[in-house]
Protein chains: 2
Amino acid sequence: MSASEQTNWQSVHDEVLRRIHTREWKPGDQIPKEVELAEQLGCARATVNRALRELAAEGFLDRRRKAGTRVSTHPVRRAKLDIPVIRLEIEGRGQKYGYGLLLSERRTPTPEVCANLGVSAKSDMLHITSLHLADRKPYMFEERWVSIDTVPEIVDADLSAISANEWLVLHAPYTKGDISFSAVLATETEAKILRTHAGAPLFLMERMTWEHDAGITAARLLFAPGYRMHSAI
Amino acid sequence: MSASEQTNWQSVHDEVLRRIHTREWKPGDQIPKEVELAEQLGCARATVNRALRELAAEGFLDRRRKAGTRVSTHPVRRAKLDIPVIRLEIEGRGQKYGYGLLLSERRTPTPEVCANLGVSAKSDMLHITSLHLADRKPYMFEERWVSIDTVPEIVDADLSAISANEWLVLHAPYTKGDISFSAVLATETEAKILRTHAGAPLFLMERMTWEHDAGITAARLLFAPGYRMHSAI
DNA sequence: GAGTGGTCTAGACCACGAC
DNA sequence: TCGTGGTCTAGACCACTCC
């Protein structure tokens, strides 16, 4: 600190982070209470509060009423993954986006979809498979189920012009969602579609969304070999 | 809203979210300005500000000075991945954590590490491989480089008792980090260590950290087949 | 230039939770 | 019980950016 500057919440944030980085305050240490820090740094308590709240959200601090604020002993690193619409992800890299609808059929869901999404075995659903391209090369193969009971308007959508995901983003906001990532081997069919060979390692992203307790959609997104998802932490 | 309740920032948050979900406010729509909302909902402008700021951070709103606040047309979904220390991740699931140091040698880095981490080819580094177990079964195989130039204290750490990651968390806070995820095939060596077969699909997490511009560590974490990383969105 | 969000302040009361 | 963070308020000034 020394002297200088207008004490805004960001400068408090940075100053606290600096003290943690320089190990002036070590993991597990209790740091001064808000009122004291405000006095030290010459600003209002609310300003300190804002800074410390952000630091806690970022995982650097543990805060508890009465117990005070401590430096995290195990800073759970929160990677913020931005999951954009595929089209924007591809275009954002300066590549040409392509999209093709492979199949769209109305049918009852598989037992697996029922269990995961929590819909009835007799429910009316749309089963869609499509392929997303980057610079004309297969980029991601998508297999998706959409509940017509929850989102009846989907049957009128032209899913050969707009991907199901983009349509859903605009027309069916969700209140709850789940996403998971894993590695799988390409089956023969998948390999053919993604123009690779069976047994290639594929990055799999599985997504499900609900509106309150009503299942909206379950999707399996298979990325072509070489895909890397990354993020700053 | 109707009437009722103490208007705190969370209730404002939820109310705005409700209006988005019910499509009272659609993607692209401009919503009332802070002062108006505060009036409508019967609270101070600062309270509305807090709620809208959080909603913007969550990706539901786009806010710009003078231009006002709009509902996002492409709600970039932010999956918040909590990346805990492996030990806590395993213990948190009620499994028994095990750890074994396989190798620790002092040497110069490979060209790849140099390029990625931005360290000199002649720099003094520690090359460590280790295996993490869950309920005595191989869970994750770790190959890591640590810069002795940046973190000299590492040479005195007993890395057979504490994993390099945990040691680093406690002793070498970083200011910048990068993490990426992909799918790869197990090599013969990796398969042997993870007790699977060559060609099995493995989930790969690569992490690098820096303190300002000084490279601290680069790690390749290979998870045993079946691993799934997941998150709520 | 003027409207909107971004932030700061000083003070107040509240609620959790350590003791 | 009572200390600490969590939040609200009313008012103020500032900074960005659209027109």
Side-chain angles (χ1 to χ4, degrees), chain A residues 1 3-17 19-20 25-73 75-76 78, chain B residues 1 3-17 19-20 25-73 75-76 78:
Chain A
M1 270 327 220
S4 73
E5 83 279 334
Q6 9 88 59
T7 333
N8 51 23
W9 75 266
Q10 289 218 15
S11 71
V12 175
H13 175 281
D14 293 349
E15 170 60 15
V16 171
L17 205 47
R19 294 191 189 177
I20 294 174
W25 294 337
K26 301 192 183 65
D29 284 1
Q30 181 164 0
I31 77 171
K33 58 190 88 169
E34 294 189 347
V35 197
E36 291 174 16
L37 266 181
E39 221 171 319
Q40 272 184 41
L41 305 179
C43 63
R45 187 188 148 218
T47 308
V48 172
N49 180 280
R50 169 85 189 265
L52 298 188
R53 195 199 320 139
E54 304 267 343
L55 284 162
E58 292 165 43
F60 293 106
L61 297 176
D62 288 330
R63 318 192 72 198
R64 283 196 333 253
R65 282 159 151 137
K66 168 77 178 180
T69 300
R70 289 174 181 279
V71 179
S72 297
T73 47
V76 172
R78 300 201 168 83
Chain B
M1 267 331 220
S4 73
E5 84 280 331
Q6 11 88 61
T7 332
N8 51 24
W9 74 266
Q10 289 218 16
S11 71
V12 175
H13 175 281
D14 293 349
E15 170 61 15
V16 171
L17 205 47
R19 294 190 189 176
I20 294 174
W25 293 337
K26 301 192 183 64
D29 284 1
Q30 181 164 0
I31 76 172
K33 58 190 91 169
E34 294 190 347
V35 196
E36 291 174 16
L37 266 180
E39 221 172 319
Q40 273 183 40
L41 305 178
C43 63
R45 184 187 151 220
T47 307
V48 172
N49 181 278
R50 169 84 189 264
L52 298 189
R53 194 198 322 139
E54 304 267 342
L55 283 163
E58 293 165 43
F60 292 106
L61 297 176
D62 288 331
R63 318 192 71 199
R64 285 207 320 263
R65 283 161 153 138
K66 167 79 180 179
T69 300
R70 290 174 180 280
V71 179
S72 296
T73 46
V76 171
R78 299 202 167 80

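Just so it is clear: chains get the letters A, B, ... in the order the sequence lines come, proteins before strands, and each one is counted from 1.
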If I take atom [atom1] in residue [X] and atom [atom2] in nucleotide [N], what distance separates them, rounded to the nearest angstrom?
X: A:Asp62; N: D:dG6; atom1: CG; atom2: P; answer: 11 Å
X: A:Leu55; N: D:dG6; atom1: CG; atom2: C1'; answer: 16 Å
X: A:Arg63; N: C:dA18; atom1: CZ; atom2: P; answer: 15 Å
X: B:Leu52; N: C:dG6; atom1: CG; atom2: P; answer: 9 Å
X: A:Glu36; N: D:dG5; atom1: CD; atom2: C1'; answer: 13 Å
X: A:Arg70; N: D:dG5; atom1: CZ; atom2: C1'; answer: 14 Å
X: A:Ile31; N: D:dT4; atom1: CD1; atom2: C1'; answer: 12 Å
X: A:Glu54; N: D:dG6; atom1: CD; atom2: P; answer: 13 Å

Heavy atoms, side chains only, cut-off 4.5 Å: are [X] and [Y] in contact?
X: B:Gln10; Y: B:Arg50; answer: no
X: B:Val71; Y: B:Phe60; answer: no
X: B:Asn49; Y: B:Arg63; answer: yes
X: B:Leu55; Y: B:Thr69; answer: no

Indicate for each nucleotide in nucleotides 7-16 of chain D, in 5' to 3' sequence, whether protein heavy atoms under 4.0 Å reach the base (B), only the sugar-phosphate (S), or nothing (-).
BSB--B--BB
Verdict with reasoning, A:Ser11 to A:Asp14, per side chain to side chain donor-acceptor pair (under 3.5 Å)
CA-CA 5 Å; A:Ser11 71; A:Asp14 293 349; over 6 Å; no
Between B:Arg53 and B:Glu34, does any side-chain N to carboxylate O distance fall below 4.0 Å?
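Judged by the 4.0 Å cut-off on N to carboxylate O distance, B:Arg53 and B:Glu34 do not form a salt bridge.
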If the cut-off is 4.0 Å, is B:Thr69 near the phosphate of C:dT4, judged by side-chain N/O to OP1 or OP2?
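Looking at the OP1 and OP2 atoms of C:dT4, neither is under 4.0 Å from any side-chain N or O of B:Thr69.
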